[in-house]
There are 2 protein chains.
Amino acid sequence: MKLSTRGRYGLRAMLDLAIHYDEGYIPLRHIAERQDISEGYLEQVFAMLKKEGLVKSARGAQGGYKLSDRPENITVGMILRTLEGSLAPVDCIAESNPTTCSRYDRCVTKLIWEMMRDSINDVVDSMNLKHLVLEYENIDSNR
Amino acid sequence: MKLSTRGRYGLRAMLDLAIHYDEGYIPLRHIAERQDISEGYLEQVFAMLKKEGLVKSARGAQGGYKLSDRPENITVGMILRTLEGSLAPVDCIAESNPTTCSRYDRCVTKLIWEMMRDSINDVVDSMNLKHLVLEYENIDSNR
DNA sequence: AATTAATCATATCAATTTACTAGGAATTAA
DNA sequence: TTAATTCCTAGTAAATTGATATGATTAATT
């Protein structure tokens with residue numbers, strides 16, 4: 001039940017973009033250096049974020065990535081579900097493209113999985129990048 | 001963020017034991033057949049459950065496994081944490097033996113992971129095997 | 001005493017996933 | 001033209017998963 005580095009790195013990278021929201025396009029190299037993440041790997045993560053429309057890009061010199069919307073409009077849930085797929089603990093109750101299971105109708109444990117899925121989604125949808133930026137500034141001022 | 005079959009099979013097997021709670025020791029073969037799970041694999045799962053004290057065993061003919069306590073005293077959380085380890089989405093905030101991270105003090109995303117961990121634990125600790133048995137009987141009577 | 005049914009213990013293994021790395025092609029500002 | 005950047009695809013070592021295989025040990029039954 002662990003998140004992969006895609007989700008973890010991706011959220012940190014998106015927070016980095018949110019912190020530098022008013023600086024225009026940010027090259028991946030900067031994010032990779034600040035967050036100590038492999039740049040090549042980040043490229044793949046950002047391909048997913050771009051495809052989902054959470055960031056926009058500018059190619060060429062002085063190019064880079066920026067958030068496609070204001071930090072308060074991008075939730076942690078949008079980011080994590082993009083990078084990890086459904087946060088449901090089992091595939092049969094994923095929000096989209098659930099796998100089929102012959103036991104579906106009489107499955108009792110499904111109840112648990114649905115409760116877990118919903119509570120996880122509630123948490124990640126309740127937090128957006130603006131919340132995290134404020135927390136970042138708060139931590140930073142206490143050091 | 002998916003549970004492995006250990007957790008899923010394990011919960012189904014424990015529910016099976018709970019449904020047959022008053023029948024003494026149940027051999028794994030019966031559970032494996034009813035739940036359509038590999039018996040050899042279930043052995044490994046039950047080794048973990050036994051070590052954690054959630055089931056007790058009797059060797060030899062007429063032996064098998066039974067719950068170590070009444071169904072209402074065994075929560076889904078106890079079972080899943082035994083089989084999956086901490087349900088925290090990242091290792092640095094596991095309840096026991098958290099991994100260390102150089103960014104721990106100034107990590108903002110940690111807030112999210114802690115909220116996810118707590119809400120997941122709340123859900124699985126709020127449900128016990130008796131709840132699932134009642135649900136099983138309810139589903140069964142409607143077929 | 002022999003047989004049978006069961007847990008217990010350990011080793012092995014194929015398939016998949018993960019977290020990258022490598023190598024370039026395409027694009028654009030300077 | 002050059003340098004900086006995204007974009008694209010392929011490869012890969014290590015770890016994990018979900019088993020299977022083999023046999024030892026234990027205990028009830030015959």
For this session: Using chain A heavy atoms and a threshold of under 4.0 Å, write down where along DNA chain C the contacts begin and end, 5' to 3'.
Result: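 Using the under 4.0 Å cut-off, the span is C/dA19 to C/dA29.
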
Seminar exercise, completed: Rounded to the nearest 0.5 Å, the CG atom of B/Asn121 sits from the CZ atom of B/Arg81 at a distance of 4.5 Å

Exercise. B/Asp91 CG to D/dA15 C1': how many Å, rounded?
Worked result: 14 Å

With sequence neighbours left out, what residues match [X] under side chain to side chain contact (heavy atoms under 4.5 Å, CB included)?
X: B/Ser96; value: none
X: A/Ala94; value: A/Ser86
X: B/Pro27; value: B/His30

For this session: Provide the full list of ring-ring contact (aromatic ring centres under 6.0 Å, His included) pairs with a residue in residues 52-85 of chain A, sequence neighbours left out, each pair given once.
Result: A/Phe46-A/Tyr65

Problem set entry | Contact list for residues 83-116 of chain A, test ring-ring contact (aromatic ring centres under 6.0 Å, His included), sequence neighbours left out |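 Sorted pair list comes back empty.
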
Summary of salt bridge (charged side-chain N to carboxylate O under 4.0 Å, His left out) pairs that have at least one residue in [range], sequence neighbours excluded:
range: residues 47-65 of chain B; value: none
range: residues 61-76 of chain A; value: A/Arg70-A/Glu72
range: residues 34-48 of chain A; value: A/Asp16-A/Arg34

For this session: Just grab all the side chain to side chain donor-acceptor pair (under 3.5 Å) pairs involving residues 5-15 of chain B, residues at least two apart or on different chains.
Result: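 Qualifying pairs, neighbours excluded: B/Thr5-B/Tyr41, B/Arg12-B/Gln35.
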
Exercise. Going by heavy atoms closer than 4.0 Å, what residues in residues 3-15 of chain A are next to DNA chain D?
Worked result: none

For this session: Would you jot down, in residue-number order, the residues of residues 41-70 of chain A having a non-hydrogen atom under 4.0 Å from DNA chain D?
Result: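 DNA chain D contact set from residues 41-70 of chain A: A/Glu43, A/Gln44, A/Lys50, A/Ser57, A/Ala58, A/Arg59, A/Gly60, A/Ala61, A/Gly63, A/Gly64, A/Tyr65.
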
For this session: Take A/Ser38 and B/Ile26, find for each the nucleotide of DNA chain C with the closest heavy atom, and name the residue whose nucleotide sits nearer the 5' end.
Result: B/Ile26

